[in-house]
Each structure stands twice: as C-alpha cells, then as structure tokens.
Amino acid sequence: MSSVTMPESRPDRGAAAAAEPIARPKVPWWLVGLAFGTLVSGQVVGFLTSEPDRDMGHLQKIMYVHVPAAWASFIAFFIVFWASVTVLWKRNERADLLNAAAAEAGAVLTGLTLVLGSIWGRPTWGVWWTWDARLTSTAVLFLVFVGFLALRALTDDPERRARWSAAVGILGALNVPIVYMSVKWWRTLHQLQSSPSTVDADYVLGLRWNAFAFAFALAAFVTIRYRTALFALAADRRAEARALAGGSTDAR
Amino acid sequence: MAFATELGRAGAILWKDLTAERRTKANFNSVVAMAGLILLFFGFALGPDAKGLRSAAAGVLWLTVLFSGVLAFNRSYQLELDGNALEQLLLYPGERWTLFAGKLAANLLFVFLVEVVTIPLAGIFYHVAVPALWGQVLGVLFLGTVGFVTLGTVYAAMASRSRAREVLLPLLLFPMLVPVLIAATEATGALLIDDPMGNAGSWIRLLATFDVIFVVASFWVFPAVIEG
C-alpha cells in the first residue's frame, strides 16, 4: 500500500509487489455511526424544537434535510475544485482518487437537494420547478458532476482520466458562480417570484444539527470511496507486477 | 521573437485545418444543412404566428448555432486521430498552447462561416428585419461564439478520444454554456426586438466577462488535456 519505495529495494520491486498482500479497505465505522446517529437524532431535534410552520405545517421540516444537503454538496464541490487543481499542479495520483470520491458524493447530494426541494416546492409554491437562480444553478452543478463522472467512466487510461477530470473540475467550478449570476439577472430582470430565505430562530438548532449530520455523512462517503479506490489501484498494480514477474494476472 | 514563432505554429495549424476543410467541404455542408433543418423544425414546433416567431427568434438562433456547431468540434480532432496525426503534432517542438490557438481559430472561423449562412436564414424564417443596431448584434454574435467555441475546443479534445464521443461532448459542454446561452439570447433579443429596460449592455458585459475567464482558463488547462 505504501507509495514510498526504498532505493535499495528497487531491483526486485516487482517481485516484492507481486507477493505483498493488499490490506482490505477499512470502513470508518465510527464516522458512519456518527453520521447515522446525528442524522436520526437531528430529525428528532428538528421536530421537538420547532412548532409546525404557520403556513407550511410540518412540510417545513424538509428544510432540515434539504438545506444541509445543499451545504454538504458545496463542500464536496470545493473538494473537487481543490483536488482538481492539485492534480494538474502536482500530478498527484491520490488527489485524483479523492477528486472522484468527492464528485460521486457531490452528485448524490446535489441530486438529493434538487429532489427534496422539488417535493417541498410543489405544495408550497404550487410548482415542481421554478426558474429561480439557486434551483437553476444547482441543476447545472448537478449536470457538471454528471458529466465529470461520465467522462471518468468513458476514459480507460488512469493517468489521462486524472488530467481530464481535473480540467473538467476546474472549468466547472469556474462556471457555477457565473451560472448563478446570469440566472439571477435573468430572473430579476423578468420580475417573478422569489424564494423564501429567512429562517426563524426556532429552526436554527435543528438546521445546525443536520448540517453536522450531512457533513459527517459526506466525510464517511468520501472516505469509503477513497479507500476503495486506493484498494482497487493497489490491486491493479499488483496484477501488473505479477504479470511482469510472469505469474498469474488475476487481480485478486 | 519566440512568441512570433509560436504564433506561426498556431497559424500553421489553422491553415492545415482550413485546407483540409476546404478540400473536402463535407463537414461544412452537413453542418449548414443541419442548421437549416433545426431552424425549420423550431418553426414547426413554435407554429406559424409571425409575432411569436419573432419573439422566439433570438433563442432559436442561438440554439441552432449551439446544436449545429457542436457537430464540428469532434471532427476537428477526429481528423488528427485518423492515422495518428495527433501524436506527430505533439512531437513537434514548441508550446502546446499553439495547438489550442490553431484549433480554436479554425473552429471559430468555421462556426462564423456557418453563422453567415444561418443568420440570414433565421431572419427570413422568423420574420426579423435587419436591426438598427446591427453592429452591436454582430458584436454579441462574436462574443457568444468565442465563448462557445473556446469551451467546445477544449471539451472536444477530451470527448473525441473517449468512448461514446458523440454523447459525451454535449453532456460536458452544454451545462457550461448556460451563461452564454442566457446572456447571448437576452442581448440578441433586446437588440433585435426592443430593449425598454436598456439591458443589452449588461448582458454584453456578462458575455465579455465569461469569454475572458474561459479563454484564460482554457489556455491554462489545454496543455494538460491534449498531452498523451
């Protein structure tokens, strides 16, 4: 697993790598437990600390999962941007694996944000979708993530895949604020409905609690995906080393 | 001195691509035919009402440019991939950005030429007269096309060498073009029909900002995209 190779061990590195057992990826159970625990208790706290909303009733409780999902997707998005810059700058293999892990989690969370928002929007605004700046830029962000993952799935060479997805990650990251601005102007100029954004003090605790829950869930997803990718990479390397050593090419 | 040499390299690539296109014409003719088809079909979808067509004209024009232009970008690299010409291009001495500059210039000229045919056609089909501020309309067309073609040239360098290139290019490119589509459509519409709020200027500025950001970013990432 270690990427550090001693200079004197170089001559028979292939043989050593072929024999070296690969540790199974460790699931960070404490993180998974923490995420699950805060997520469940967060909903309980949300229900206990806030009265049903005057207009929306308990429908308002969707906010406790919708808003934190959006925040967590932004964290994932920043990890993608940072990892992409690191890949292009330092040509770091592990940054690419982190990039992929964060993009997958980001795509799920952005999709979740859109679906939850839509479920809330139908009874509240009377429509499943409105061309609001936030909605539209979130949809575009989702599509950028989808394109990023499609590109990765359709590119075979790992080194090329790393460079390409980093380029897509950086360009996508630059685009999202511009999309937000352009849709905002587009909407403002047309003078239509705006979205309710003020939050009452009663909702703050539940919202904060859930924000941590989603951050933990994101960390758990990204860690698991990252470790799995490291494992797959090590398995590929070992299969390669075995093939070079003239043995079986079985990856396991 | 060195910079002039690099520009000469970009020029050589531009000339090579244009010569290949001029001799075959296959790409240009089919893209223009496709653009005409899209214009007609939007007309069928929108109905024959002249007023409705006129107010939709700006949006239809830009979608036509986007949908037909996107067909050209993959082909610009496909020519290089046949016979491993790209490998040889990369082996030549010189900076990699010159390759991007040459490809970008060739694609820009190509899309401008498509627009030369498409725009009068759109004017006829959608009952739009030559606007008073035609110079500004040309400026918007230029800025919007630069943004579109710059990103198209970067993404096609990846998509053309992946599996499923026909699907991947629009999937990667179109979400990036949302600001271009919005700003260019709004500015064109304002200049073509009427602009009671005086919005055209701010849309043109947004379009110019977009162009500056993405031209700079594209020149920065392209060397990493094209190698190997």
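Since we're looking at a predicted model, the values are computed, not measured. Chain letters run A, B, ... following the sequence lines, proteins first and then strands; every chain starts at 1.
- Heavy-atom pairs under 4.5 Å with chain B were tallied for A/Leu141, A/Thr155, A/Asp156; the largest tally goes to A/Asp156.
- Here the closest non-hydrogen pair linking A/Leu151 and B/Met158 is CD2-SD, 4.1 Å.
- Within the 4.5 angstrom heavy-atom criterion, no atom of B/Ala183 approaches chain A.
- Evaluated for a side-chain contact (heavy atoms from CB on, under 4.5 Å) with B/Pro175, the options A/Val179, A/Val146, A/Val144 yield exactly one hit, A/Val144.
- With a 4.5 angstrom heavy-atom cutoff, B/Tyr155 touches chain A only via side-chain atoms.
- With rounding to the nearest 0.5 Å, the separation of CH2 in B/Trp220 from CD1 in A/Ile170 is 4.0 Å.
- Interface remark: of the candidates B/Thr209, B/Val221, B/Ile182, B/Val178, B/Ile182 forms the most heavy-atom pairs closer than 4.5 Å to chain A.
- Of the listed residues (B/Val154, B/Leu171, B/Leu151, B/Leu168), the one with the most heavy-atom contacts under 4.5 Å to chain A is B/Leu168.
- No more than 12 heavy-atom neighbours from other residues, nucleotides or ligands sit within 6.0 angstrom of CZ on A/Phe78.
- Of the atoms belonging to A/Leu171, heavy atoms from both backbone and side chain fall under 4.5 Å from chain B.
- Proximity to chain A is absent for every atom of B/Leu173, based on heavy atoms less than 4.5 angstrom apart.
- Residue contact with chain B, scored on non-hydrogen atoms closer than 4.5 Å, is absent for A/Phe142.
- In plain terms, the two heavy atoms of B/Ala217 and A/Leu174 that are nearest each other are CB-CD1, 3.5 Å.
- Contacts of B/Phe214 with chain A are made by side-chain atoms alone, with heavy-atom separations under 4.5 Å and no backbone atom involved.
- Heavy atoms closer than 4.5 Å to chain A are found nowhere in B/Val180, neither backbone nor side chain.
- Around CH2 of B/Trp97, the count of heavy atoms belonging to other residues, nucleotides or ligands within 6.0 Å exceeds 12.
- Taking chain B as the reference chain and counting heavy-atom pairs below 4.5 Å, the highest number among A/Leu88, A/Val176, A/Val168 is found for A/Val168.
- When the shell of 6.0 Å around CZ of B/Phe174 is examined, it contains more than 12 heavy atoms from other residues, nucleotides or ligands.
- In A/Trp89, the CH2 atom is not crowded: 12 or fewer heavy atoms of neighbouring residues, nucleotides or ligands sit closer than 6.0 Å.
- Between B/Glu227 and A/Arg91, the closest heavy-atom pair is OE2-NH1, 3.1 Å.
- Under a 3.5 Å cut-off, the side chain of B/Arg163 and the backbone N or O of A/Ala153 do form a donor-acceptor pair.
- Atom CZ of B/Phe125 has more than 12 heavy atoms from other residues, nucleotides or ligands within 6.0 Å.
- The distance from atom CD1 of B/Ile213 to atom CD1 of A/Ile178, rounded to the nearest 0.5 Å, is 4.0 Å.
- Of the two parts of A/Arg161, neither the backbone nor the side chain holds a non-hydrogen atom closer than 4.5 Å to a non-hydrogen atom of chain B.
- Enclosure of atom CZ in A/Phe221 is not indicated, since only 12 or fewer non-hydrogen atoms of other residues, nucleotides or ligands lie within 6.0 angstrom.
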